[in-house]
Amino acid sequence: DAELEQIGYSECMKLFSNGTYLENTSIIVKTKQKKEILIYGSPSSNGHSGNSAFQSQEFTSETMRRSTEEGGTARPSSQSIVLVTHGPCKHLRKPFERNLKAHIWGHAHGAYGAKHFSDREGVLSICASTMDTRYCPTNAPIVMDISLPP
C-alpha cells in the first residue's frame, strides 16, 4: 500500500487494466434487473501499520471530506451502497448509512469473516483479508449475496 500511495491515483489507475482502483471514489454497477449498486472505495487506514500508508492526518481529512460529500449526495432509495475500505474505518460508514448493504474491509487479518453489524440490521461487515495473522494467504475468498430493494 505504501507504493500505491507514493505513485498516486493516476498511476494506480494505469496499473489496473482489468479492474477499477477506488481511492475515495465510487463507481455504479448495474445489475441485469437494472438495479444500481454504488461501490465507494477508500484505502484509508486508521491503524498503525509498519509502512503507515494512507494514514496521514492530511489523507484522513481528505477522505472524510470526500466520503461526506459522496455520502451526502441525494440518491434514489433504490440505489444500494457497498463500502470497500482498507480497514474497518467505522467513521467512513456514517455518510453512507441510509442505503448501506455491506462494508468490506481487510486490514485486521485476525477478524476474517462476515457478520451483521449489531447497530444496523441487515448490513454486512466483511473482513475479506486473504492473509492470516502471520501474513500467509490462507483465508478463502468471501462471496456475498445482498438483497436489493424492489
Test item: Thr138 and Thr130 side chains (from C-beta on) under 4.5 Å apart, heavy atoms
no
Taking the side chain as everything from C-beta on, heavy atoms only, tell me whether Ile126 gets closer than 4.5 Å to Met144.
yes
With side chains defined as the heavy atoms from C-beta onward, is the minimum distance between Val82 and Leu38 less than 4.5 Å?
no
Could you tell me whether the side chains of Tyr21 and Glu23 share a donor-acceptor contact shorter than 3.5 Å?
yes
Quick one: do Arg65 and Glu69 satisfy salt bridge (charged side-chain N to carboxylate O under 4.0 Å, His left out)? Show the steps, please.
CA-CA 6 Å; Arg65 184 189 70 74; Glu69 188 177 278; 3.2 Å; yes
Show, in sequence, the C-alpha distance, side-chain angles and deciding distance for Thr68 and Lys94, and conclude whether the side chain to side chain contact (heavy atoms under 4.5 Å, CB included) test is met.
CA-CA 8 Å; Thr68 300; Lys94 189 151 185 65; over 6 Å; no
Under a 4.5 Å cut-off applied to non-hydrogen side-chain atoms, are Trp105 and Ser129 in contact?
no
Report the distance from atom CZ of Arg66 to atom OG of Ser61, rounding to the nearest 0.5 Å.
13.0 Å
Under the criterion side chain to side chain contact (heavy atoms under 4.5 Å, CB included), I'd like the reasoning laid out for Lys30 against Lys35: C-alpha separation, chi angles, the key distance, then a yes or no.
CA-CA 5 Å; Lys30 292 192 180 195; Lys35 305 283 183 182; over 6 Å; no
If we count only N and O atoms by modelled type, under 3.5 Å, do the side chains of Asn24 and Thr63 hold a donor and an acceptor together?
yes
Hey, does Ile81 have a side-chain heavy atom less than 4.5 Å from the side chain of Ile37?
no
Do the non-hydrogen side-chain atoms of Thr25 and Thr20 ever get within less than 4.5 Å of each other?
no
Do Ser67 and Tyr40 come close enough that some side-chain heavy atom pair is under 4.5 Å?
yes
Any chance you could measure Ser80, atom OG, to Asn99, atom CG, to the nearest 0.5 Å?
6.5 Å
When clusters are formed by joining ILVMFWY residues with side-chain heavy atoms under 4.5 Å apart, either directly or through shared neighbours, do Ile28 and Leu83 land in the same one?
yes
Side-chain heavy-atom pair His116, Leu124 within 4.5 angstrom cut-off:
yes
May I ask whether Tyr112 and Val84 are part of the same hydrophobic cluster, defined by side-chain heavy atoms of I, L, V, M, F, W, Y residues being less than 4.5 angstrom apart, directly or through others?
yes
Distance col, row Cys136:SG vs Met131:CE, nearest 0.5 angstrom, shows 8.0 Å
For Cys12 and Ile7: C-alpha separation, side-chain torsions, deciding distance, then whether side chain to side chain contact (heavy atoms under 4.5 Å, CB included) applies.
CA-CA 7 Å; Cys12 286; Ile7 66 172; 3.9 Å; yes
Quickly, which of Lys90, His103, Arg93, His107 forms a side chain to side chain donor-acceptor pair (under 3.5 Å) with Thr85? Name it, please.
His103
Supply the atom-to-atom distance Ser26 OG to Ile39 CD1, rounded to the nearest 0.5 angstrom.
9.5 Å
Please report the C-alpha distance between Leu15 and Leu4 in whole Å, then the side-chain angles of each, then the deciding distance to 0.1 Å, and finally whether the side chain to side chain contact (heavy atoms under 4.5 Å, CB included) criterion is met.
CA-CA 10 Å; Leu15 289 175; Leu4 295 178; 4.2 Å; yes
Closest heavy-atom pair and its distance - Ile104, Ala128:
CG2-CB, 4.1 Å
Between Glu11 and Lys14, does any NZ, NE, NH1 or NH2 come within less than 4.0 Å of an OD or OE carboxylate oxygen?
yes
Tell me, which pairs form a ring-ring contact (aromatic ring centres under 6.0 Å, His included) where one or both residues lie in residues 122-150, sequence neighbours left out?
His109-Tyr135
Smallest separation among heavy atoms of Cys127 and Ala108, with atom names:
SG-O, 3.3 Å
